[in-house]
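Everything on this sheet refers to the single structure shown next.
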Amino acid sequence: MNFETVIGIEVHAELNTNTKMFCGCAREYGAETNTKTCPICLGHPGVLPKINEKAVELAVRAAMALNCQVADQTKFDRKNYFYPDTPKAYQISQFDQPIGFDGYIDAEVDGETKRFRIERVHLEEDAGKMNHTGANHSVVDFNRTGAPLIEIVSEADMRSPKEAVAYLERLKEVLQYAGVSDVKMEEGSLRCDCNISVRPYGQEKFGTKTELKNLNSFGNVLKGLEYEEDRHRKLLLSGGVMRQETLRFDETKKQTVLMRVKEGASDYRYFPEPDLVKLVLDHDWKEAIRAGIPELPDARRVRYQEALGLSAYDAKQLTVTREMAEYFEATIAAGAEPKAAANWTVGEVQGHLNKSTETFETIKLTPARLAEMIELIAGGTISSKIAKQVFTAVIEHGVEPRAYVEEQGLAQISDEGLLRGLVVEMFEANPAVVEELVNGRDRKKGFVIGQIMKKTKGMANPALLDQLFYEELEKLK
Amino acid sequence: MSLFEHGVKNLHTLVKDGEVKVSELVQESFDRIDRVDGKIGAFLSLNEDAFEQAKRMDEIAKHEASPLFGLPIGVKDNIVTKGMTTTCGSKFLENFVPAHDATVVERLHEAGAVTIGKLNMDEFAMGSSNENSAYKPVRNPWNTKHVPGGSSGGSAAAVAAGEVLFSLGSDTGGSIRQPAAYCGVVGLKPTYGLVSRFGLVAFASSLDQIGPVTRTVEDNAYLLSAIAGHCDMDSTSANVNPTDYTQALTGDIKGLKIAVPKEYFGEGISEGVKENIRTAIKKLESLGATVDEVSLPNSKYALATYYLLASSEASSNLARFDGIRYGVRAEADALEDVFKYSRAQGFGDEVKRRIMLGTYALSSGYYDAYYKKAQQARTLIKQDFDNVLANYDVIIGPTAPTPAFELGAQNDDPVTMYANDILTIPINLAGVPAISVPAGFVDGLPVGLQIIGKHFDEATIYRAAHAFELATGGFALPKL
């Protein structure tokens, strides 16, 4: 029997705000345990939440970037459950009036563009972080409690683990470009839970699903889902019955591990949060947010190909992150030729960043400096060999390329008269060599060029020298 | 003679002129508490710094002092006070010392009022007799065999017994007005959103309001003026500018249009109460007001609506008391058992009853039939008030169906106990303001007249209550 895989994904992304969702506590990843807290996020008796407007703005922005409808009026609800990571014993979330709904993402899978629908985008507060450290106790860090999150719920539109990853990659890209979230999986600012089930082809009803949680990389999403897909199929083929379970992916064992069996749906007793008033999202306010959304990667890729004449491959490489795309565009804006700017950005610059802690924003080779360097190469002032030396100097010490080339005497000699004089001088001084050259023994060319390079300390423009060599030789024939 | 007989206005002059020291006022409070609180049980804790504060206040110049400067106040124990234990009348919060002051406490301190102590109450403000305090019951100063009402029983009894000049209570379904009526003092439930809830430990967030309990209407207006107005920390707080409510106390109610709902004189309202209220209505008419009978037809749904909505919200608000961070922690192997056993030990019966009711009403499959239906009924109840108040200045009737009953008299049947609030609950559901003022006695126990006003029109309520008080004599101090 042939099975079709069905996957739906819930993503939680922390929003880029300075303060928490309902209080003024600063947000700082990696801060000392329980230092970024106050009576409000700790849920002390008597406190009340107050909405962080910036978080609402970012959630609206995310919804728009994900092609969602944005609500005109929305509200918050309480999701009630007992667990020590949630000090109020309820999470303020959104139940039946999400900020955004009916969106989609287009992603490329095996060369074809597929549309994945997004059911909803809603705003909520994060829980604390539990650490099950001891044999008979656990500890909680409340620094993260109350951090603003959006939850993005997809429709069950993915038909393979590969599609799931394609969806996630595009989603991450959009959130990052829209300036909504850091989307760092390793820091937990992007988290995803995947629901997977399989069913015989042609069957409309979904099979029993399992949920994969705590996936900390897209690689593990792929491996985890592939493992589950296989497990589901084998179990069903062997006549077994799937249980509704929650599992995690064990990286060392390379398999999914049962966390708990779900028995019926949890009852969170949602009801409207009485401590907050309804939120009316003003039309003009929303349109101002829409206008402020930076160009998203899809649009950029099209523009890079159509307006800048780059290849599809280059366009894709350059838009992997918004920082890179903006670095590239700033380089062009500073006067660099697009193809050269693209090559440097995805090649040497990215290569350097991979090995260092710097970023596109902090790198000493600023777009202006890169543009200057590209101009020095294009104008023949420096050779590509010298360019590597200049690159190293700029990236390490932040020197200005043109000034550095001049100071260090790295400029190529492209003075035609001077180089031609040297060629003539060389020919006159070595009649025997000339005779051989005239007779077609080209290997002696190396001797002549070598002598001139020696004389010019290697600074002669090699292409020009080559051209002049043949011109002068022709005269002697 | 007690200094508190002067009232805010005179005391303010005396304090400002240096004729009465703040330390004398604080001393008077503590002396009275020493003498009578053993019989009353109004206080759960006393402010040990009050004397030091008073001495410091006596040192400074007072020519620009606000009206409340130096006056002793009691605060209901569900309003958080920095550094002072706030128990909510529950074992769960026996050792809870808040890290900050409630907005109202902050405002009182800015005005110079001196907190004398924290006042006893039904656990988490759930109750109508104060017998649900986890610590001790409060007794009615007019007859200590009787209850003071609840849940702000401590707030009303402390003022009635002369232990403080005035106090703060909280009112979710009648918790200020009903004890004010039982104890013969003045208690106001402000319009929802007029007074900040920041720092009030929530019972039912959409209904809770803090309000003043005083001897006189004028003192009440002074106290409300100090605590009302927008608070940035409370999203449900209305955008209202500070108002001097004492300006409304003209003594003149000629032409005031009064509505009397027939439902407020129906079954369950005792004859004694009815008689006193009818006399009060005649008195108001004689002062120049016009009186018409009206109907609030949806009042009959109020009790059921209230117990569904308030309990639903309470079930969520009180979930944080799970044994992990506050007071009672039961030992158990499994986390869920820690929650269960801690809550079983930490909460009293009435609180448990309402948590169970609320949890049930919010449960999947029951939500539409209970919580949602109750919200719809609430809208209808609010419309009743809007309709009547479109044509009338105030609505009046009794505050409670009976005078204070004896301790233990209603403990067997929660529904009978709930019915004590049948005349006050609709007001919370509608969000409008209402006051209870003393209106005579039945068998030596006070009766309260309730005056209900339009949203944010506390001024008219005060004007009517003040004129009535001037005509009837108002507050009397019980013999203790």
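Residue numbers begin at 1 in each chain, while the letters A, B, ... track the order of the sequences. Being a predicted model, the structure only gives us computed values, none of them experimental.
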Item to complete: Heavy-atom pairs under 4.5 Å with chain B are the metric here; pick the option from A:Cys23, A:Pro49, A:Ser138, A:Pro87 that has the most.
Response: A:Pro87

Practice prompt. Give, as side chain, backbone, both or neither, the part of B:Leu93 having an atom under 4.5 angstrom from any heavy atom of chain A.
Written response: side chain

Worksheet item: Given that the side chain runs from C-beta out, which part of B:Asp234 has a heavy atom under 4.5 Å from chain A: side chain, backbone, both or neither?
Response: both

Practice prompt. Mark yes when over 12 heavy atoms from residues, nucleotides or ligands other than B:Lys352 sit less than 6.0 Å from its NZ; otherwise mark no.
Written response: yes

Practice prompt. Could you tell me whether B:Lys82 atom NZ has more than 12 heavy atoms of other residues or ligands within 6.0 Å of it?
Written response: no

Item to complete: Count the heavy atoms belonging to other residues, nucleotides or ligands that lie under 6.0 Å from NZ of A:Lys75, then report whether that count exceeds 12.
Response: yes

Fill in: Among A:Tyr268, A:Tyr81, A:Tyr270, A:Tyr90, residue most engaged with chain B (heavy-atom pairs, under 4.5 Å)
A:Tyr90

Worksheet item: Take atom CD in B:Glu336; do more than 12 heavy atoms of anything else shown fall under 6.0 Å from it?
Response: no

Fill in: Within 6.0 Å of OH in B:Tyr367, more than 12 heavy atoms from elsewhere
yes

Fill in: Residue A:Lys209 excluded, over 12 heavy atoms near NZ under 6.0 Å
no

Fill in: Nearest-0.5 Å distance that lies between atom NZ in A:Lys278 and atom OG in B:Ser235
15.0 Å

Worksheet item: What part of A:Ile40 gets closer than 4.5 Å to chain B, counting heavy atoms only: side chain, backbone, both or neither?
Response: side chain

Worksheet entry | Over all atoms of both residues, closest heavy-atom pair of A:Leu276 and B:Thr236 | N-CG2, 4.5 Å

Worksheet item: Which atoms of B:Tyr366 come close to chain A, meaning under 4.5 Å heavy atom to heavy atom: side chain ones, backbone ones, both, or neither?
Response: neither

Worksheet item: Can you find a heavy atom in the side chain of A:Leu48 that is under 4.5 Å from one in the side chain of B:Met233?
Response: no

Item to complete: Report, as yes or no, whether the 6.0 Å neighbourhood of atom OH on B:Tyr370 holds more than 12 heavy atoms from other residues, nucleotides or ligands.
Response: no

Worksheet item: Does atom CD of B:Gln376 have more than 12 heavy-atom neighbours, drawn from other residues, nucleotides or ligands, at distances under 6.0 Å?
Response: yes

Discussion item. Let me confirm one number: the CZ-NE2 distance from B:Phe96 to A:His44, rounded to the nearest 0.5 Å.
Written reply: 6.0 Å

Discussion item. Under 3.5 Å, is there a donor on one side chain and an acceptor on the other for B:Ser316 and A:Asn80?
Written reply: yes

Discussion item. Counting only non-hydrogen atoms closer than 4.5 Å, does B:Leu200 touch chain A with its backbone (N, CA, C, O), its side chain (CB onward), both, or neither?
Written reply: backbone

Worksheet item: In terms of heavy-atom pairs under 4.5 Å, which option from B:Leu335, B:Val201, B:Asp322, B:Ile324 contacts chain A the most?
Response: B:Val201

Discussion item. Testing B:Phe92, B:Phe124, B:Phe321 one by one against A:Pro45 for a side chain to side chain contact (heavy atoms under 4.5 Å, CB included), which residue passes?
Written reply: B:Phe321

Worksheet entry | Value rounded to 0.5 Å, distance of CZ in A:Arg269 from OG in B:Ser312 | 10.0 Å

Worksheet entry | Interchain contact, B:Phe198 with chain A, by part (heavy-atom threshold 4.5 Å) | both

Item to complete: Find out whether A:Arg78 and B:Ser205 are in side-chain contact, i.e. whether some heavy atom of one side chain is under 4.5 Å from a heavy atom of the other.
Response: yes

Discussion item. Tell me if the aromatic rings of B:Tyr371 and A:Phe271 count as close, with their centers under 6.0 Å from one another.
Written reply: yes

Worksheet item: So which of B:Cys88, B:Gly199, B:Ala204 has the biggest tally of heavy-atom pairs under 4.5 Å with chain A?
Response: B:Gly199

Worksheet item: Is the closest side-chain heavy-atom distance between B:Arg320 and A:Thr86 below 4.5 Å?
Response: no

Discussion item. Counting only non-hydrogen atoms closer than 4.5 Å, does B:Thr86 touch chain A with its backbone (N, CA, C, O), its side chain (CB onward), both, or neither?
Written reply: neither

Item to complete: Against chain A, label B:Asp333 side chain, backbone, both or neither, depending on which of its atoms sit under 4.5 Å from a heavy atom there.
Response: neither

Worksheet item: Is there a donor-acceptor pair under 3.5 Å between the side chain of A:Asp267 and the backbone N or O of B:Ser363?
Response: no

Practice prompt. With a 4.5 angstrom heavy-atom cut-off, could you sort out which part of B:Asn317 is near chain A: side chain, backbone, both or neither?
Written response: both

Discussion item. Minimum heavy-atom separation for B:Arg325 and A:Gly43, please, with both atom names.
Written reply: NH2-O, 4.1 Å

Worksheet entry | Which atom of A:Pro274 lies closest to which atom of B:Tyr192, heavy atoms considered | O-OH, 4.3 Å

Discussion item. Nearest 0.5 Å, please: how far is CZ in A:Phe82 from NZ in B:Lys340?
Written reply: 11.0 Å

